[in-house]
Asker: 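Dropping a structure here in structure tokens format, bear with me for questions.
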Amino acid sequence: MTAALSAHELIARHRSTLDQALEAIRTRAYWSPHPEHPKAYGENGSLDAAAGKAAFDALLGTRLDLGQPGTDDWVGGETSPYGIDLGVTYPHADLDVLLPAMKAGQRAWRDAGAEQRAVVCLEILKRISDRTHEFAHAVMHTSGQAFMMAFQAGGPHAQDRGMEAVAYAYVEQVRTPDNAEWTKPQGKRDPLAMTKQFTPVPRGIALMIGCNTFPTWNGYPGLFASLATGNAVLVKPHPRAVLPLALTVQVAREVLTEAGFDPNLVALAAERPGEGIAKTLATRPEIRIIDYTGSTEFGDWLEVNARQAQVYTEKAGVNTVVVHSTSDYKGMLSNLAFSLSLYSGQMCTTPQNLLVPREGISTDQGPKSYDEVVADLAQSVDGLLGDDARANALLGAIVNPDVKARLEAAAGLGEVALASREITNPDFPGAVVRTPVIVKLDGAKPDDEAAYMSECFGPVSFAVAVDSASDAVELLRRTVREKGAMTVGAYTTDPEVERDVQEACLEEAAQLSLNLTGGVYVNQTAAFSDFHGSGGNPAASAALCDGAFVANRFRVVEVRREA
């Protein structure tokens with residue numbers, strides 16, 4: 001293949017960005033090369049708001065031909081949570097043709113080396129970034145996120161996570177030198193001398209199984225970690241959220257071709273309605289790495305049955321906040337209200353259980369009883385979402401009927417402190433928009449335990465009355481150990497309680513946020529600085545991102561010769 005983009009050109013273009021990413025993961029300080037504000041786009045080849053919307057509209061009702069080998073059908077059927085039929089069709093693959101074609105390009109990709117692979121990945125991310133407005137509409141109309149969240153989380157934040165994975169992949173690959181001279185003294189005899197060559201080699205084809213709610217944010221880390229370490233990547237999107245990942249594959253294939261590599265190193269595996277190809281793919285011998293975000297049930301199945309592959313899962317957990325005391329009662333309520341409301345609670349990091357001592361808490365506004373805390377939180381959520389326009393901008397749309405059913409059933413689990421209400425979206429009358437429900441439960445009642453010890457994904461939270469701070473910590477510990485947690489929050493002014501909560505999270509490997517009252521929320525994490533998940537409790541087998549997330553995607557093979 002003739003390269004339109006030489007290795008030298010790509011390195012000159014992206015090496016400084018890679019170096020900044022490497023420094024960011026070393027210092028854990030704030031850094032992002034991808035602007036969060038929509039108005040930052042429109043120059044240097046990037047699409048502005050109008051051009052991005054036009055590009056998205058032009059996709060509707062079209063066939064997205066990726067030029068993949070083995071295409072035997074065209075499939076589609078996505079309907080936006082906002083009530084729009086997307087009408088896009090995608091290639092359906094004959095796996096016996098596509099998988100060998102993907103494997104064929106791995107040798108040249110392996111031989112390119114860690115730096116060249118990294119800068120090719122950064123070129124892919126740059127081109128995706130230039131189309132952030134287009135991608136934002138694709139994410140919005142497949143996930144149900146409100147536009148601004150789809151723009152930020154589906155755009156720059158997802159791109160940051162992809163670049164973070166590339167940085168970690170590069171670090172792990174260059175940890176071992178390419179070549180070494182080895183000399184061992186032998187006393188009076190001539191020394192033993194060897195030359196040794198070390199090459200990172202890929203495991204094989206990686207399978208990235210996408211999710212419905214965050215197709216790019218959750219998909220990019222695994223995709224780019226595998227690609228940067230030399231593996232071909234087969235992208236299997238969620239059938240309700242194909243478009244953002246299909247566009248990603250399209251961009252990746254274009255860049256790989258221009259850089260002189262086989263475009264089949266990245267391919268799409270879309271499926272017919274009800275086909276369920278994930279299990280078939282996951283157990284094929286060609287698949288050596290799997291990245292998955294979704295239900296615990298299928299994540300557990302993958303971990304047991306995909307024995308030929310290295311499996312990275314992000315499943316479900318029961319996220320908990322301990323509410324013991326606060327020096328900023330109003331700030332605490334405001335922070336929690338936003339956390340419960342954002343994207344209708346459809347985030348793997350949204351708090352579910354709020355553990356409040358039944359005798360109440362101490363605050364800067366004086367003592368507050370359990371009932372007062374719950375009522376005040378309900379009022380704070382109500383106030384935040386009282387204006388329908390603001391509510392639509394925060395809530396987005398309910399992503400699928402299962403979430404709506406859980407929300408409606410939650411009201412029957414206990415005393416309702418805040419009832420969910422329906423909101424109309426004037427721009428999208430077909431959208432299902434609902435405010436959160438807060439249900440009061442008693443931590444001492446076995447019947448209530450069945451509710452709060454199960455994940456209820458969506459805009460549902462339980463205010464669980466507990467006997468004491470120590471009981472709250474013990475329940476937190478048990479919840480993380482048995483059910484897992486992506487996030488834990490705590491509010492306390494007592495150093496001893498803070499130490500107990502921190503110790504529980506350290507022992508059970510859960511990420512902890514303490515006393516958040518400002519503009520940082522427990523359900524948000526920043527790439528290059530925050531770890532998403534830990535890989536140390538049942539909610540996830542990996543963290544986004546750390547060395548462990550990338551290091552086992554390749555092995556180092558040594559060739560040695562006598563000098």
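Fair warning: this is a prediction, and the values are worked out from it, not measured in the lab. Atoms considered below: every heavy atom in the structure, side chains included; atoms not considered: hydrogens, waters and symmetry mates.
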Asker: Under the criterion ring pair (Phe, Tyr, Trp, His ring centres under 6.0 Å), I'd like the reasoning laid out for Phe428 against His141: C-alpha separation, chi angles, the key distance, then a yes or no.
Answerer: CA-CA 11 Å; Phe428 301 101; His141 285 290; 5.3 Å; yes
Asker: Let me see the working for Phe462 and Tyr452 under ring pair (Phe, Tyr, Trp, His ring centres under 6.0 Å), right down to the final yes or no.
Answerer: CA-CA 7 Å; Phe462 301 120; Tyr452 66 72; 7.7 Å; no
Asker: With rounding to the nearest 0.5 Å, note down the distance linking CD1 in Ile124 to CG in Leu256.
Answerer: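 Output value for this atom pair is 5.0 Å.
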Asker: Measure the acute angle between the ring planes of Tyr220 and Phe224, then classify it against the limits of 30° and 60° as parallel, tilted or perpendicular.
Answerer: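 Ring orientation, 0 to 90° scale: perpendicular.
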Asker: Could you check if a side-chain atom of Gln352 sits within less than 4.5 angstrom of a side-chain atom of Ser461, using non-hydrogen atoms only?
Answerer: no
Asker: Is any NZ, NE, NH1 or NH2 atom of the basic residue among Lys236 and Asp291 found under 4.0 Å from an Asp or Glu carboxylate oxygen of the other?
Answerer: no
Asker: Return yes if some donor-acceptor pair links the side-chain N/O of Glu415 with the main-chain N/O of Val439 below 3.5 Å, else return no.
Answerer: no
Asker: Is a donor from one side chain sitting under 3.5 angstrom from an acceptor on the other, for Gln159 and Thr132?
Answerer: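 There is such a pair between these side chains.
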Asker: Measure from the side-chain N and O atoms of Asn353 to the backbone N and O of Asn319, and report whether any donor-acceptor pair falls under 3.5 Å.
Answerer: no
Asker: Under a 4.5 Å cut-off applied to non-hydrogen side-chain atoms, are Phe56 and Leu86 in contact?
Answerer: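 Yes, close enough: below the 4.5 Å cut-off.
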Asker: Could you check whether Thr248 and Arg127, counting side-chain N and O atoms only, form a donor-acceptor pair closer than 3.5 Å?
Answerer: no
Asker: Ignoring hydrogens, what is the shortest heavy-atom contact between Ala21 and Phe528? Give both atom names and the distance.
Answerer: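 Scanning both residues completely, I find the closest heavy atoms to be CB-CE2, 4.0 Å.
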Asker: Mind checking the CG-CD spacing from Asp546 to Glu164? Nearest 0.5 Å is all I need.
Answerer: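 Going from the CG atom of Asp546 to the CD atom of Glu164 covers 9.0 Å.
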Asker: Please verify the inter-ring angle class for Tyr41 with Phe151; under 30° counts as parallel, over 60° as perpendicular, anything in between as tilted.
Answerer: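 Correct class here is perpendicular.
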Asker: Less than 4.0 angstrom from a charged side-chain N to a carboxylate O is my criterion; do Glu303 and Lys315 meet it?
Answerer: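 A salt bridge links Glu303 with Lys315.
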Asker: Check Ala397 against Tyr82 and note the closest heavy-atom contact, atom names and distance.
Answerer: N-OH, 3.7 Å
Asker: Is the ring pair His532/Trp217 parallel, tilted or perpendicular, if the boundaries are 30 and 60 degrees?
Answerer: perpendicular
Asker: Do Leu234 and Leu268 have side-chain heavy atoms sitting under 4.5 Å apart?
Answerer: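 No, every pair of side-chain atoms sits at 4.5 Å or beyond.
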Asker: Would you say the side chains of His37 and Gln152 form a donor-acceptor pair under 3.5 Å?
Answerer: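 The answer is no; no qualifying pair exists.
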Asker: Looking at Val522, is its backbone amide N or carbonyl O close enough to the side chain of Ser513 to form a donor-acceptor pair, meaning the two atoms are under 3.5 Å apart?
Answerer: no
Asker: Side chains of Pro538 and Glu482: closer than 4.5 Å at any heavy-atom pair?
Answerer: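 Not touching, per the 4.5 Å side-chain cut-off.
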Asker: Whether the Thr517 and Asn335 side chains hold a donor-acceptor pair (N or O, under 3.5 Å, no angle test) is what I'd like checked.
Answerer: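 Thr517 vs Asn335: no donor-acceptor pair found between side chains.
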Asker: Could you tell me whether Asp388 and Arg421 make a salt bridge, using a distance below 4.0 angstrom between a side-chain N and a carboxylate O?
Answerer: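 Looking at Asp388 and Arg421, the cut-off is met.
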Asker: Give, for atom CG of Leu302 and atom CG of Leu207, the distance between the pair rounded to the nearest 0.5 Å.
Answerer: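 Between Leu302 CG and Leu207 CG, I get 8.5 Å after rounding to 0.5 Å.
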Asker: Would Thr487 and Thr349 count as a side chain to side chain donor-acceptor pair (under 3.5 Å) if you check the C-alpha gap in whole Å, the side-chain angles of each, and the deciding distance to 0.1 Å?
Answerer: CA-CA 6 Å; Thr487 57; Thr349 50; 5.5 Å; no
Asker: Between His133 (side chain) and Pro38 (backbone), is there a donor-acceptor pair under 3.5 Å?
Answerer: yes
Asker: Establish, yes or no, whether a centroid distance under 6.0 Å links the rings of His137 and Phe147.
Answerer: yes
Asker: Quick check against the 3.5 Å criterion: does Glu271 have a side-chain atom that pairs as donor or acceptor with the backbone of Ile277?
Answerer: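 Answer holds: yes.
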Asker: Kindly indicate whether the side chain of Phe214, heavy atoms from C-beta on, has any atom under 4.5 Å from the side chain of Arg161.
Answerer: no
Asker: For Arg253 and Asn264, does a side-chain donor sit closer than 3.5 Å to a side-chain acceptor?
Answerer: yes
Asker: Salt bridge or not between Glu422 and Lys404? Use side-chain N to carboxylate O under 4.0 Å.
Answerer: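 Not counted as a salt bridge, because no side-chain N and carboxylate O are separated by less than 4.0 Å.
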Asker: Please lay out, stage by stage, how Val403 and Phe457 fare under the test side chain to side chain contact (heavy atoms under 4.5 Å, CB included).
Answerer: CA-CA 7 Å; Val403 175; Phe457 184 76; 4.0 Å; yes
Asker: Between Asp402 and Arg406, does any side-chain N to carboxylate O distance fall below 4.0 Å?
Answerer: no
Asker: Find the distance between CG (Leu355) and OG1 (Thr320) and round it off to the nearest 0.5 Å.
Answerer: 5.5 Å
Asker: Is it true that, when you exclude Glu408 itself, more than 12 heavy atoms of the residues, nucleotides or ligands shown sit nearer than 6.0 Å to its CD?
Answerer: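 Counting neighbours around CD of Glu408, more than 12 heavy atoms of other residues, nucleotides or ligands fall under 6.0 Å, so yes.
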Asker: Hey, are the side chains of Thr435 and Ile423 touching, using non-hydrogen atoms and a 4.5 Å cut-off?
Answerer: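 They are in contact (side-chain heavy atoms under 4.5 Å apart), so the answer is yes.
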Asker: Could you check Asp73 against Val75 for side chain to side chain contact (heavy atoms under 4.5 Å, CB included), going step by step and ending with a plain yes or no?
Answerer: CA-CA 7 Å; Asp73 197 3; Val75 296; 4.3 Å; yes
Asker: When you look at Asn400 and Arg240, which way does the side chain to side chain contact (heavy atoms under 4.5 Å, CB included) test go after all the steps?
Answerer: CA-CA 9 Å; Asn400 61 52; Arg240 286 193 289 261; 3.4 Å; yes
Asker: Taking C-beta and beyond as the side chain, do Lys126 and Thr17 meet within less than 4.5 Å on heavy atoms?
Answerer: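 Result no, sub-4.5 Å side-chain heavy-atom pair not found.
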Asker: Side chain of Asn425, backbone of Asp427: donor and acceptor closer than 3.5 Å?
Answerer: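 Flag set: sc Asn425 to bb Asp427 pair under 3.5 Å.
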Asker: State whether the side chain of Arg553 and the backbone N or O of Asn231 hold a donor-acceptor pair below 3.5 Å, judged by distance alone.
Answerer: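 Absent.
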Asker: Locate the shortest heavy-atom distance separating Cys545 from Pro221; write the atom from each residue and the value.
Answerer: SG-CB, 4.3 Å
Asker: Donor-acceptor check, side chain of Tyr292 to backbone of Val311, threshold 3.5 angstrom: yes or no?
Answerer: no
Asker: Verify side chain to side chain contact (heavy atoms under 4.5 Å, CB included) between Tyr343 and Thr350, making sure each step is shown before the conclusion.
Answerer: CA-CA 9 Å; Tyr343 185 32; Thr350 300; over 6 Å; no
Asker: Indicate yes or no for a side-chain donor-acceptor contact from Ser529 to the backbone of Ala526 under 3.5 Å, with no hydrogens or angles considered.
Answerer: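 Side chain of Ser529 to backbone of Ala526, a donor-acceptor pair under 3.5 Å: no, none is there.
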Asker: Look up atom CZ in Phe549 and atom OH in Tyr312, then write down how far apart they are to the nearest 0.5 Å.
Answerer: 7.5 Å
Asker: How long is the span from the CG atom in Asp94 to the CD atom in Gln68, to the nearest 0.5 Å?
Answerer: 12.0 Å
Asker: So which atom in Val318 and which in Ser454 form the shortest heavy-atom distance, rounded to 0.1 Å?
Answerer: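 Residues Val318 and Ser454, closest heavy atoms: CG2-C, 3.9 Å.
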Asker: Any donor and acceptor pair, going by atom type alone, linking the side chain of Ser32 with main-chain N or O of His34 inside 3.5 Å?
Answerer: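 Yes.
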Asker: If you compare all heavy atoms of Cys211 against all heavy atoms of Ala241, which two are closest, and at what distance to 0.1 Å?
Answerer: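 Heavy-atom minimum between the residues: O-CB, 3.9 Å.
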Asker: If we only count heavy atoms from C-beta on, is the Leu66 to Leu64 side-chain gap below 4.5 Å?
Answerer: yes
Asker: Give me the atom names and distance for the closest heavy-atom approach of Val550 to Ala225.
Answerer: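 Nearest heavy atoms, Val550 then Ala225: CG1-CB, 3.7 Å.
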